[in-house]
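Contents: one structure, followed by commentary.
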Amino acid sequence: MEEYRRLSDEELSRMLKLYNIPHGPVVGSTRKLYEKKIYEYESQRTKLPPGTIGSYQHAEDFESDAYDSNQDEEGSLEDIDFDNYYEESYSTTKTYGEFDDTSANPVVKAKTSFLETLPSARRGSDSAKGPTYHLRQRMRENILCPSAQEEDLDTDPRYYSQDSGAYRNIYYRPITDSAPDSSFYSGPVVSSSTPVSSTSPSFRWYTHPSGVEARQAIRAGQGYGAEIGKNGRMVSLWVQFLLFLGFALFLAFFYYFMQAGDDNPFRLRN
Amino acid sequence: ADNKSMSTSQKHRDFVAEPMGDKSVRCLAGIGEVLGKKLEDRGFDKAYMVLGHFLLLKKNERHFQEWLNDVCGANAKQSRDCIGCLQDWCDAFL
């Protein structure tokens, strides 16, 4: 932070403009504050994806709101330590080529090594949908009952015709049940934790809330529904509808089958 | 006749009712004895100086709150009261 002291007032002012930090004149009494602002901005920028530039590009009121939301989200959102998650994902995704094991039980792999699987599954046609979509699929797949995953993997052999294990399967599977899961498709959210070399630069323009969402996805994968609360369902919607329908039909069937004519069941038998 | 008067203190209303002139910084809403003393020690002994700084920050509430906290240790509520007071005063007289 001391290096800012060496800058002249004009240079400081230029930096404030560059970062879109609303500011007044840089004079003696305001200088210290603005130095601090620039310092905070730059340190925050290195912590979060560079896309947070977006959160600063608004009028004062919004700036303070975005500022607040950044800070609030880091602190209070489901008590998740996002900084750690961000760094964690960054470091694991660097171990890119290490994960080669596609022959092992793909479901188990999907469940246990959520973060590690992200980069390895990024090869091939995933890029069409973007890493976000992929990540959200993962989140959902990990949220679904493990048995459901296994069953589907067994009964949909056509998915196996693709190469490499579960990640591809998991990736394609949701296409068939896309309708009820619309909640997962809101907007081009980008995972901040999949810095795939070829595509990552173009995906870093999204603002912090997206990153937060992505982090929730990672967390959900590990937390197994402990924290999905508002984000997903243990059982997907269409399955619930089917179950409900089945149950209703069963009840109806049972009722009609058991119906004993027009007798009043309350009449005493004599 | 502003509907904010229900939630403002008497100090606020007194301050906003007239030009501040040479009023002490302790006349500002949110600034009591303790904060007032600290501000005076830092050289801000008149309310108009705090106003001046507020204006210099282009009335940015967040910046001003940070500055106030830095200069005298005002907490969020005290800053909010002070800012509200200054804002209202500006609306009326600036």
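By convention in this document, chain letters (A, B, ...) are assigned in the order of the sequence lines, proteins followed by strands, and residues within each chain are numbered from 1. Given the structure is predicted, the values throughout are model-derived calculations rather than measurements.
Counting heavy-atom neighbours within 6.0 Å of A:Y39 OH, excluding the residue itself, gives a total of 12 or less. Within a 6.0 Å sphere centred on NZ of B:K37, heavy atoms belonging to other residues, nucleotides or ligands number 12 at most.
Residues B:D70 and A:L33 form no side-chain contact, since every pair of their non-hydrogen atoms from C-beta on lies 4.5 Å or further apart. Under the 4.5 Å side-chain criterion, counting only non-hydrogen atoms from C-beta, A:H23 is not in contact with B:N60. Contact annotation: the side chain of B:H63 never approaches that of A:K36 to less than 4.5 Å [non-hydrogen atoms, C-beta and beyond]. Counting only heavy atoms from C-beta outward, the side chains of A:P22 and B:K58 never approach each other to under 4.5 Å.
When every heavy atom of A:P25 is checked against every heavy atom of B:L56, the shortest pair comes out as CD-O, 3.2 Å.
Evaluation of the salt bridge (Lys or Arg N to Asp or Glu O under 4.0 Å) rule for A:E11 yields no partner, not counting sequence neighbours.
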Name every donor-acceptor pair, under 3.5 Å, that has one atom in a side chain of residues 43-50 of chain B and the other anywhere in the protein, sequence neighbours excluded.
{"unit_1": "B:K46", "atom_1": "NZ", "unit_2": "B:D22", "atom_2": "O", "d": "3.3"}

